[in-house]
Structure formats: structure tokens, C-alpha cells
Amino acid sequence: MACKLPAQLATPGKLHHHCQFTITSAFIPLSWRRTLSPEPLLSLSTSFPSGKCNGKQLVTCSAIGTAEATGAVNLGPGTPVRPTSILVVGATGTLGRQIVRRALDEGYDVRCLVRPRPAPADFLRDWGATVVNADLSKPETIPATMVGVHTVIDCATGRPEEPIKTVDWEGKVALIQCAKAMGIQKYVFYSIHNCDKHPEVPLMEIKYCTEKFLQDSGLPHVIIRLCGFMQGLIGQYAVPILEEKSVWGTDAPTRIAYMDTQDIARLTLVALRNEKINGKLLTFAGPRAWTTQEVITLCERLAGQDANVTTVPVSVLRVTRQLTRLFEWTNDVADRLAFSEVLSSDVVFSVPMNETYSLLGVEQKDIVTLEKYLQDYFTNILKKLKDLKAQSKQSDFYI
């Protein structure tokens, strides 16, 4: 496997961090190292550390370097970069678009990195952002997007049909190294709460490895771990209940403190302006942690109708994961089921936020609760449905 990166990178340093996470595309442990080289591009190559394979599908990621030796230095004064110039990576996603909207509203000069696509991201241009095309799976397309940029906000994640490591590991390694080489002044990375506690889940282990890689890179940075988005509950529970379709849940008592992505965007920009936050790892969580059944019950009450709930036992998820491991074309499905299994276990995805609120100068009363978020949604959608029904009856009368 080879992935090419810019040459203005770093010399090997003294700090070594090794993370292991399970993947399914190869049996070979891979090692990534940043080196200063006269060649125009740097390749990511495979290696065989002794004792690492043992017949298991393991990957070893190595972030090697020190803050003094890991990055390109400015060879000249250059042109000053405005602190308000930001690059949002993954700008079309659920969180990314809220970051863009909030940053534009606060007067930032926003550039959006999006993949070339059949349907252009015209809505970002309509809002006032600049759109540039690049692809994290093609590192040679990244450096040009960072010219004149002060801060990178990384909201990107791989598409469901892609192998997890393509964007979420290899792409992020390239992005961080390019940011270092291009002299980016601050890098914001979104991770997952408790990612350090679940090395058996590829996505969570990759997030943790990326955190360590960013920390060892020497880039000024902020890492923000997230618990869950309120927006995701609309398609998962609210819409199926309104359409009288099946709602899928589990029998596990998992609790998740969902947060509105608009609040995440607002707190992120507050953190950007606070120099005390530089180099910190923060966790953003909503005011309360909810179980799946509690969310469904809330949606039923607000919708005024019962849900058709199909419960999937956690034991079924475990068996399904093991079966999908037997077939190469289902490998990535198995990785994502592993993540589902963690979310379906007896854990709580939440943290106390009082210290974070104090650090950011934010009051808890200004954070949207799940009750308020879903109430606003159902009030608006039910009003629209009522209006459509009234218009339909009026049309039938005249016809």
C-alpha cells in the first residue's frame, strides 16, 4: 500500500506512539513515519514488526517525532495569514455545515474542502463560503487548499461504503502532515468520547491513534470528543414514527448525551478564540444522557402516536459481527457492527460539563436540551402536515 504526501515534513524524532487496531483489508502491520526527504513526495510503506502479526489482522500506527523536530519551519516571512481564515474539511456533513454557517455568521473567511461530486455543494457558496475540491484519499490534492489558511477544522469522516481506514486514518495522517508542512496555526479535530477505552472497535481505535498522531505532530491543536448528534435522531426515530414505519432499537441500557450540532459549532468557535484551550482535549456532551427507549417514548409523546418498535438483542449483533468476518466483502460491515455493539452495551456516553462551560465562558441554560430540540421539530413538521392536509381538502372541494 502506498500513499504519497508532501515532502516538507519532519525528521524522525524521539517520541514513539504505537496503537493497534483491527482492520480487515490486510494481514500486514503497517507503519507510518514522517521523514524529511529531497524527493517531491513521501510514501507510506508497509513493514513487518516482529511479534505483531500472529495470524491476526492488526495494524500498527506509529507517530514518531517531537514538537521541535516534527514539522516544516517557515523559510521566510511570507504573507501574514488572517486569524479569521479557516478551512473546514467535511463541510457538507451534519456537523460540518453547521460549523460553516456559524463561522460565516461570526465574520470568518470560510473555505470548504469537499470531494469532487456530481452534485456541487452550491449551498455552501450561496451562504458565502469558498469551495475547493480535494480528496483525503488523494493526498497530493490537499496542500493547495491550505494556502492562506490560519485554522483547519476537521469534520471529515469516511462514507459508509468506504473502508474505515481510507479516510479516517490514511486521509487524516496526510491532512495533519500537510497542515504541519503548510504552517497551519491551529488544527481542530473531532473525535469520539471513550475512543481510548474500545481498541476492539476499528473506528474508535483509529480516532484515538489520530489524536496521538496530532498531539505528537507539534501542531497547535484542539481535540474535541463528541458523544452523539441530536440531528441523527430525526431519521432514526422521529421520521419512522411519523411515517408509521419500524423503529429499530436494542435491549441494552446504553445512555448517550446527545448534543445539537449548532451548539457544538458555537462552542467550537468559542474554543478557537480562547488561547487557554490550545493543546487541550475537551469532551462536549448534552445536558442529559438518554437510553434508546427513553428517546422513543419522547418521540411518541411529541408525535401523538405509538412507535412500531423492533428490538434487536445485543447477542444478535455479536453473532452477526462474527458471521460477517467470514467473508471479505462484508469486512467493513463487521467493523461498523463492532461500533454498534459498543453503542449497544451497558455504557454511558456523557461527561460532566461544568468545568468545560466555565472554561469556555458558556452557561448551561444556553445549551439546547433534547426535549426542546425534538419539540421544535415535531411542532414544525406537524404544522406543515396539517397545512398540507388542509390544502388537499380545499383542492378536493373545488375539483
Check: Going only through I, L, V, M, F, W and Y residues with side-chain contacts under 4.5 Å, is there a path from Leu226 to Ile223?
Finding: no
Notebook entry, point to check: If only atom types and distance count, is the side chain of Thr369 paired as donor or acceptor with the main-chain N or O of Lys372 below 3.5 Å?
Noted result: yes
Check: Could you give the distance from OG1 (Thr291) to CD1 (Ile256), rounded to the nearest 0.5 Å?
Finding: 9.5 Å
Next item on the list: Grab the two heavy atoms, one from Pro143 and one from Met182, that are nearest each other, plus how far apart they are.
Entry: O-CE, 3.4 Å
Notebook entry, point to check: Hey, is the main chain of Leu203 close enough, under 3.5 Å, to the side chain of Asp168 for a donor-acceptor pair?
Noted result: no
Notebook entry, point to check: Out of curiosity, does Tyr258 fall in the hydrophobic cluster containing Ile296 (side-chain heavy atoms, cut-off under 4.5 Å, transitive links)?
Noted result: yes
Note to self: Looking at Thr145, is its backbone amide N or carbonyl O close enough to the side chain of Arg111 to form a donor-acceptor pair, meaning the two atoms are under 3.5 Å apart?
What the structure shows: yes
Next item on the list: With rounding to the nearest 0.5 Å, note down the distance linking CG in Asn274 to CG in Leu267.
Entry: 12.0 Å
Notebook entry, point to check: How far does CG of Leu374 sit from SG of Cys299, to the nearest 0.5 angstrom?
Noted result: 5.0 Å
Item checked: Donor-acceptor pair, side chain of Arg82 and main chain of Val149, under 3.5 angstrom -> no
Next item on the list: Apply side chain to side chain contact (heavy atoms under 4.5 Å, CB included) to Tyr377 and Leu382, showing your working.
Entry: CA-CA 8 Å; Tyr377 172 79; Leu382 291 175; over 6 Å; no
Note to self: Using side chain to side chain contact (heavy atoms under 4.5 Å, CB included), reason through Leu272 and Lys186 one step at a time and then give a plain yes or no.
What the structure shows: CA-CA 8 Å; Leu272 276 184; Lys186 188 167 291 187; 3.6 Å; yes
Notebook entry, point to check: How long is the gap from CD1 on Ile206 to CE on Met204, to the nearest 0.5 Å?
Noted result: 12.0 Å
Item checked: Side-chain heavy atoms of Leu370 within contact of Met230, under 4.5 Å -> yes
Margin query: Just verifying a value: how many Å separate Asn194 CG and Ser350 OG, rounded to the nearest 0.5 Å?
Written below: 10.0 Å
Check: Just by distance, do the side chain of Lys172 and the backbone of Ala156 share a donor-acceptor pair under 3.5 Å?
Finding: yes
Next item on the list: State, with a plain yes or no, whether a side-chain heavy atom of Leu282 is found less than 4.5 Å away from one of Arg225.
Entry: no
Check: When you look at CZ of Arg288, are more than 12 heavy atoms from neighbouring residues, nucleotides or ligands closer to it than 6.0 Å?
Finding: yes
Notebook entry, point to check: Quick one: do the Asp154 and Tyr190 side chains pair a donor with an acceptor below 3.5 Å?
Noted result: no
Notebook entry, point to check: Are Thr268 and Phe284 close enough, and set up right, to give a side chain to side chain contact (heavy atoms under 4.5 Å, CB included), and what steps lead you there?
Noted result: CA-CA 10 Å; Thr268 296; Phe284 290 173; 4.0 Å; yes
Check: Do Lys276 side-chain atoms and Leu359 backbone N/O form a donor-acceptor pair below 3.5 Å?
Finding: no
Margin query: Using 30° and 60° as the class boundaries, would you call the ring planes of Phe213 and Trp169 parallel, tilted or perpendicular?
Written below: perpendicular
Check: Can you list the steps and then say if Glu106 with Arg102 is a salt bridge (charged side-chain N to carboxylate O under 4.0 Å, His left out)?
Finding: CA-CA 6 Å; Glu106 294 190 10; Arg102 185 75 193 190; 2.8 Å; yes
Checklist line | For Cys195 against Glu211, the heavy-atom pair lying closest together | finding: SG-OE2, 3.4 Å
Notebook entry, point to check: For Ser85 and Asp109, does a side-chain donor sit closer than 3.5 Å to a side-chain acceptor?
Noted result: no
Note to self: Taking the cut-offs as 6.0 angstrom to the six-membered ring centre and 45 degrees off its axis, would you call Arg255 and Trp290 a cation-pi pair?
What the structure shows: no
Notebook entry, point to check: Going by atom types alone, do Gln293 and Thr297 pair a side-chain donor with an acceptor below 3.5 Å?
Noted result: yes
Next item on the list: Might you work through the salt bridge (charged side-chain N to carboxylate O under 4.0 Å, His left out) test for Lys138 and Glu140, ending with a clear yes or no?
Entry: CA-CA 6 Å; Lys138 300 176 181 177; Glu140 67 275 8; over 6 Å; no
Next item on the list: Please report the C-alpha distance between Ile367 and Arg266 in whole Å, then the side-chain angles of each, then the deciding distance to 0.1 Å, and finally whether the side chain to side chain contact (heavy atoms under 4.5 Å, CB included) criterion is met.
Entry: CA-CA 10 Å; Ile367 303 299; Arg266 179 166 60 89; 3.5 Å; yes
Margin query: Treating Gln185 as the side-chain partner and His150 as the backbone partner, does any N or O pair qualify as donor plus acceptor under 3.5 Å?
Written below: no
Next item on the list: For the pair Asp263 (side chain) and Val368 (backbone), establish whether a donor and an acceptor sit closer than 3.5 Å, ignoring hydrogens and angles.
Entry: yes
Next item on the list: Please answer whether the main-chain N or O of Pro240 pairs with a side-chain N or O of Glu243 as donor and acceptor at a distance below 3.5 Å.
Entry: no
Margin query: Is there a side chain to side chain donor-acceptor pair (under 3.5 Å) between Asp260 and Gln231? Walk through the geometry before answering.
Written below: CA-CA 7 Å; Asp260 187 351; Gln231 279 73 7; 2.7 Å; yes
Next item on the list: Would you check if Val152 and Leu219 make a side-chain contact, meaning some heavy-atom pair closer than 4.5 Å?
Entry: no
Check: Between Asp135 and Ile142, what is the shortest heavy-atom contact and its length?
Finding: O-CG1, 4.3 Å
Notebook entry, point to check: Can you name the closest pair of heavy atoms from Tyr357 and Ala285 and give their distance?
Noted result: OH-O, 4.2 Å
Margin query: So does Asn354 get a backbone contact from the side chain of Ser358, meaning a donor-acceptor N/O pair under 3.5 Å?
Written below: no
Notebook entry, point to check: Would Tyr237 and Leu242 show up in the same hydrophobic cluster when neighbours are defined by side-chain heavy atoms closer than 4.5 Å?
Noted result: yes
Checklist line | Non-hydrogen atoms of Ser137 and Thr166 that approach each other most closely | finding: CB-CG2, 3.9 Å
Checklist line | Pairwise distance CG(Leu175) to CZ(Phe189) - rounded to 0.5 angstrom | finding: 10.0 Å
Notebook entry, point to check: When clusters are formed by joining ILVMFWY residues with side-chain heavy atoms under 4.5 Å apart, either directly or through shared neighbours, do Val89 and Tyr108 land in the same one?
Noted result: no
Next item on the list: Over all heavy atoms of both residues, which pair between Phe229 and Leu95 is shortest? Give the atoms and the distance, please.
Entry: CZ-CB, 3.9 Å
